[in-house]
Each structure stands twice: as structure tokens, then as C-alpha cells.
Amino acid sequence: MTQPWTPDILGEGFEQQTLKLDGGATATLVRYLGVAPEWLAVSGEIPDDAGIDADVLYVHGWSDYFFQKHVAEFWHRAGARFYALDLHNYGRSLSPGMVPGFVTNLADYDADIEAALSAMGRSGVSDVDRPLILLGHSTGGLTLSLWAARHPGIASAVILNSPWLEFQATELGRRAIAPLVGLHARLHPLTPLPPVDPGIYTRAVSATLDGEWDYNLEWRPDRGFPITPAFLDAVFRGQATVAAGLGIEVPVLVLLSDKSYLQPKWSADALTADVALNVDAVAHRALSLADTVTVSRLPNAFHDIFLSPEPVRRQAFERIGRWLPMALQASNAEAWEARTAGL
């Protein structure tokens with residue numbers, strides 16, 4: 001039974017719908033209807049004559065949920081219909097007694113994504129007249145990359161915001177410890193691993209400290225959710241799949257900071273870098289996603305590009321605006337060739 005759309009916590013223009021999944025779990029889809037009477041393009045982001053009549057589906061990262069209102073507003077101004085998905089065991093979908101972020105395989109999120117697409121009115125490949133743009137952050141970027149590769153012909157473009165495509169200690173480090181993590185995932189899947197987040201990222205972004213953003217601290221804790229062997233094993237297996245080559249069939253844009261700060265103590269350098277990823281390792285691994293990949297490095301960007309200081313995120317929006325029309329044109333041409341190949 002389809003659940004109704006109800007007002008969302010983000011306020012005017014935002015609505016949410018609960019998505020019922022098998023086993024009693026739920027995900028939550030958020031949509032932005034906008035506060036303007038019509039969809040408008042904005043000069044300097046998307047060209048005025050190139051409004052994007054598309055659906056955008058955003059998926060958050062680890063220990064996170066959707067609260068970036070300005071991202072929804074950007075896509076609304078560009079002419080798109082914006083949706084964001086709080087996966088099961090995250091954010092709006094997190095209920096008392098649940099293990100936050102628990103998953104044993106990133107493919108488990110297929111049900112969340114498919115339910116979201118259904119609620120968006122999309123039935124799959126037949127929706128060629130309105131492109132689908134996948135937008136994923138961090139672990140959500142990894143999840144959407146794997147999904148797009150397993151479900152060709154549905155998305156028209158993939159945009160990844162600091163995707164967690166490779167381990168911070170690079171591929172050699174991941175391959176060295178993955179067997180041990182896998183063993184713990186089988187024997188003790190929920191035993192928390194030693195904490196690795198000293199709260200540096202929170203200090204950089206939270207309005208309660210040195211940042212500018214207000215959000216729900218239960219859904220996005222200061223030091224993140226406890227990382228379990230089950231979750232880390234799922235990520236490592238996903239990263240190994242990427243390393244082997246995904247073959248995504250549509251253009252991919254990867255947005256990354258120009259540098260990392262991965263030290264365990266606070267420094268002002270954390271205000272001009274990605275404090276979660278080895279961005280050089282991710283930039284290299286991004287080339288394994290597809291034949292057509294654009295890697296765009298943004299000076300002084302945060303881990304979440306769209307939580308960076310205003311000049312940085314405006315630059316990110318402008319780069320999307322330049323890249324996307326050409327990417328959709330290329331994707332449409334390839335789709336047309338595929339549809340007419342046998343005629």
C-alpha cells in the first residue's frame with residue numbers, strides 16, 4: 001500500500017513518504033516541491049536555455065541523512081525534480097532498537113532504491129523522456145555506483161560527491177586487512193570496531209562548533225555511528241568490485257577536494273580539506289567506474305562538497321552546470337543508438 005506524502009522536517013516545500021520494505025524495514029523518500037510557482041533556471045549554474053527536465057535521486061553517506069536544503073534548491077532552480085533517500089537504518093528511517101547503519105551487503109539497498117524510484121513514478125528503462133540523475137555522497141556514492149552498474153539503462157548520469165571508492169590506506173591496505181574484517185563480519189558482525197573518528201569533521205561543519213550547519217545530532221552524531229565488521233566488510237567488498245572495473249554505461253562526474261587531512265588531531269587545515277577520504281586514492285579509483293569519467297577537484301573543499309564554504313559549493317554547482325547538459329546529450333545519443341541498433 002502506497003503511503004501518503006506528509007510534511008517533512010525541513011519545512012516549506014519539503015515532503016516525505018515512508019517506503020515499506022520486506023522484513024518490516026522502512027526507508028524514507030524526501031521530495032522538494034519548491035517555494036517558487038515554477039521551475040526556474042539560474043544564470044551561472046545551469047544556462048538559462050538549458051533547463052534540466054530530469055529526476056534527481058540523492059543518497060547520503062555513512063552516519064548521515066539528507067538535510068542539505070540548498071542542494072534541493074539548486075536542482076529545483078535548474079528545472080529538475082529533486083528527491084533524497086534516507087536509507088533503512090538511517091535518519092528519518094531510524095527507529096529505537098535499530099542498529100544505526102547496519103548492513104551486510106551494499107546490494108541490500110537495492111530494495112530502498114527501487115522503492116524510491118517507484119514512488120517517484122519511474123518504472124525503469126521506459127522512462128527515457130525524463131532522465132534520471134543519480135547523486136551520491138561518500139558511502140552513498142559507492143552504493144549508487146554499484147547499483148548503476150548492476151542496473152544498466154535506467155540512469156542517464158551519475159554524480160558522485162566525494163565517493164568512498166577506496167580505503168584510506170589505499171588498495172594494498174584494504175586487501176591486506178579485508179580477510180580479517182570478513183572473518184569478524186561472520187563471527188561477530190555487530191561488535192563495534194575501535195573508533196577512528198575524533199570528531200574533526202563535526203567540528204568543521206557543525207554550527208555548534210566551527211561550522212555553519214545545523215542538523216539532527218542523533219541522526220548524524222559528533223563521532224559518527226560505531227563502525228561494525230559487517231558494515232566495513234560490505235564496503236570493502238563493494239570497493240573490490242569497483243577496483244575490478246564497473247563498466248557504468250553513462251557519464252560519471254566525481255567531485256573531490258584537492259587534498260586530504262587525515263590526522264587524528266585538530267588543525268585549521270581541516271577547514272580546507274577532506275578529513276574522511278584519501279582523495280588521491282579515490283581520484284585514481286574513479287577511473288575504474290566507467291569509460292567516461294570526469295574527475296573534478298575543488299580547492300579547499302570539505303568531505304561533503306556541498307557543506308564546504310559558500311564559494312566552494314558555488315563552484316561545485318557551476319561545474320555541475322557545465323558538465324551536465326553535455327553528459328545528458330551524450331547519454332541520450334547512446335540510448336538512441338542502442339534502441340535503433342537492430343532496425
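Start at 1 with the first residue, then count along the sequence.
Taking every heavy atom of both residues into account, Ile200 and Pro264 meet most closely at CD1-C, 3.9 Å. Between Pro309 and Glu212, the shortest heavy-atom contact is CA-OE2, 4.0 Å. Looking at every heavy atom in both residues, His76 comes nearest to Gly34 through CE1-CA, 3.6 Å. The two residues Pro189 and Ala185 make their nearest non-hydrogen contact at CB-O, 3.2 Å. Taking both residues in full, the closest heavy atoms of Leu246 and Ser145 are given as CD1-O, 3.6 Å, listed atom of the first, atom of the second, then distance. The minimum heavy-atom distance between Ala155 and Val250, with the atom names listed, is O-CG1, 3.2 Å.
The pair Lys259-Asp274 does not count as a salt bridge, with every side-chain nitrogen at least 4.0 angstrom from each carboxylate oxygen. A salt bridge links Asp280 with Arg297: at least one charged nitrogen is closer than 4.0 Å to a carboxylate oxygen. Contact check on Arg223 versus Asp197 returns no salt bridge, with no Lys/Arg side-chain nitrogen under 4.0 Å from an Asp/Glu carboxylate oxygen. Between Asp222 and Arg203 no salt bridge is recorded (no basic side-chain N to carboxylate O distance below 4.0 Å). The pair Lys69-Glu73 fails the salt-bridge criterion, with no side-chain N (NZ, NE, NH1 or NH2) lying under 4.0 Å from an Asp/Glu carboxylate O. Salt bridge absent: Arg175 and Glu166 never bring a charged side-chain N and a carboxylate O closer than 4.0 Å. A salt bridge is absent between Asp53 and Arg130: the closest approach of a Lys/Arg side-chain nitrogen to an acidic carboxylate oxygen does not fall below 4.0 angstrom.
Cluster membership for Leu10 and Val71, using ILVMFWY side-chain heavy atoms within less than 4.5 angstrom, is shared. Met326 and Trp323 are assigned to two separate hydrophobic clusters, defined by single-linkage of ILVMFWY side chains at heavy-atom distances under 4.5 Å. Note: the hydrophobic cluster containing Leu232 does not contain Leu262 (ILVMFWY, side chain heavy atoms under 4.5 Å, direct or indirect links). Connection of Ile177 to Phe231 is established within a shared hydrophobic cluster, with ILVMFWY side chains joined at heavy-atom distances below 4.5 Å, either directly or through further cluster members. Linking ILVMFWY side-chain heavy atoms closer than 4.5 Å, directly or via other members, places Val59 and Phe102 in two distinct hydrophobic clusters.
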Next item on the list: For the pair Val252 and Thr292, evaluate side chain to side chain contact (heavy atoms under 4.5 Å, CB included) and give the outcome as yes or no after the intermediate values.
Entry: CA-CA 6 Å; Val252 179; Thr292 304; over 6 Å; no
Next item on the list: Assess whether ring pair (Phe, Tyr, Trp, His ring centres under 6.0 Å) is satisfied between Phe74 and Phe317, documenting all intermediate values.
Entry: CA-CA 8 Å; Phe74 162 76; Phe317 288 138; 4.3 Å; yes
Next item on the list: Could you check Arg92 against Ile9 for side chain to side chain contact (heavy atoms under 4.5 Å, CB included), going step by step and ending with a plain yes or no?
Entry: CA-CA 9 Å; Arg92 298 164 178 82; Ile9 57 173; 3.8 Å; yes
Item checked: CA sep, side-chain torsions, deciding dist, call: His151, Glu114, side chain to side chain contact (heavy atoms under 4.5 Å, CB included) -> CA-CA 11 Å; His151 299 82; Glu114 289 161 11; 3.6 Å; yes
Checklist line | Test log, rule side chain to side chain contact (heavy atoms under 4.5 Å, CB included), inputs Thr294 and Val254 | finding: CA-CA 6 Å; Thr294 301; Val254 178; over 6 Å; no
Margin query: Show, in sequence, the C-alpha distance, side-chain angles and deciding distance for His303 and Ser257, and conclude whether the side chain to side chain donor-acceptor pair (under 3.5 Å) test is met.
Written below: CA-CA 7 Å; His303 174 53; Ser257 180; over 6 Å; no
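Take Asp269 and apply the salt bridge (charged side-chain N to carboxylate O under 4.0 Å, His left out) test, not counting sequence neighbours, and it matches no residue. Residues passing the salt bridge (charged side-chain N to carboxylate O under 4.0 Å, His left out) test with Arg237 are Asp233, sequence neighbours excluded.
Between Ser296 and Arg319, the side chains place a donor N or O and an acceptor N or O closer than 3.5 Å (distance only, hydrogens not considered). For the residue pair Ser162 / His137, no side-chain donor-acceptor distance below 3.5 Å is found, with atom types taken as modelled. Looking only at atom types and distance, the side chain of Asp304 has a donor-acceptor partner in the side chain of Asn161 under 3.5 Å away. Thr28 and Thr18 are not linked by any side-chain donor-acceptor pair at a separation below 3.5 angstrom, with hydrogens and angles left out of the test.
Judged by a 6.0 Å distance limit and a 45° cone about the ring axis, Arg313 is not positioned over the six-membered ring of Phe306. Figure legend: cation-pi geometry between Arg31 and Trp5, with NZ or CZ positioned under 6.0 Å from the six-membered ring centre and within 45° of its axis.
The line from CD1 of Ile305 to CG of Leu307 is 9.5 Å long, rounded to the nearest 0.5 Å. In this structure, CG on Asp258 lies 8.0 Å from OG1 on Thr272, to the nearest 0.5 angstrom. Between the CH2 atom of Trp147 and the CD1 atom of Ile248 there is a distance of 11.0 Å, given to the nearest 0.5 Å. Note that the OG atom of Ser156 and the CD1 atom of Ile133 stand 7.5 Å from one another [nearest 0.5 Å]. Considering CD of Gln315 and CD of Glu310, their distance stands at 11.0 Å, rounded to 0.5 Å. With rounding to the nearest 0.5 Å, the separation of CG in Asp86 from CG in Leu29 is 9.5 Å.
Aromatic ring centroids of Phe167 and Phe236 lie under 6.0 Å apart. Ring centroid separation for the pair Phe67 and His60 does not come in under the 6.0 Å cut-off. Phe82 has its ring centre less than 6.0 Å from the ring centre of Phe66.
Under the 4.5 Å side-chain criterion, counting only non-hydrogen atoms from C-beta, Leu21 is not in contact with Thr26. The shortest distance between side-chain heavy atoms of Ile113 and Leu144 falls below 4.5 Å. Between Arg122 and Leu132 the shortest side-chain heavy-atom distance falls below 4.5 Å. The shortest side-chain heavy-atom distance between Leu298 and Asn300 does not fall under the 4.5 Å cut-off. With a 4.5 Å cut-off on side-chain heavy atoms, Tyr90 and Asp112 do not count as touching. Using a 4.5 Å heavy-atom threshold, the side chains of Leu256 and Pro163 count as touching. The side-chain heavy atoms of Pro131 and Asp55, taken from C-beta on, include no pair separated by under 4.5 Å. Side-chain atoms of Ser267 and Tyr261, non-hydrogen and from C-beta on, do get closer than 4.5 Å to each other.
Thr143 places a side-chain N or O within 3.5 Å of a backbone atom of Thr139 that can act as its donor or acceptor partner. No donor-acceptor pair closer than 3.5 Å links the side chain of Asp8 to the backbone N or O of Phe14.
Classification of the Phe302-Tyr201 ring pair by plane angle, with boundaries at 30° and 60°, yields perpendicular. Ring-plane geometry between Phe225 and Trp62 is classed as perpendicular, the angle between the planes exceeding 60 degrees on a 0 to 90 degree scale with a lower cut at 30. Using cut-offs of 30° and 60° for the angle between ring planes, the Tyr65 and Trp219 rings count as perpendicular.
Annotation for Glu12: atom CD does not count as buried by contact number, only 12 or fewer foreign heavy atoms lying within 6.0 Å.
The only option from Leu142, Leu106, Leu165, Leu146 that meets the side chain to side chain contact (heavy atoms under 4.5 Å, CB included) definition with Gln239 turns out to be Leu142.
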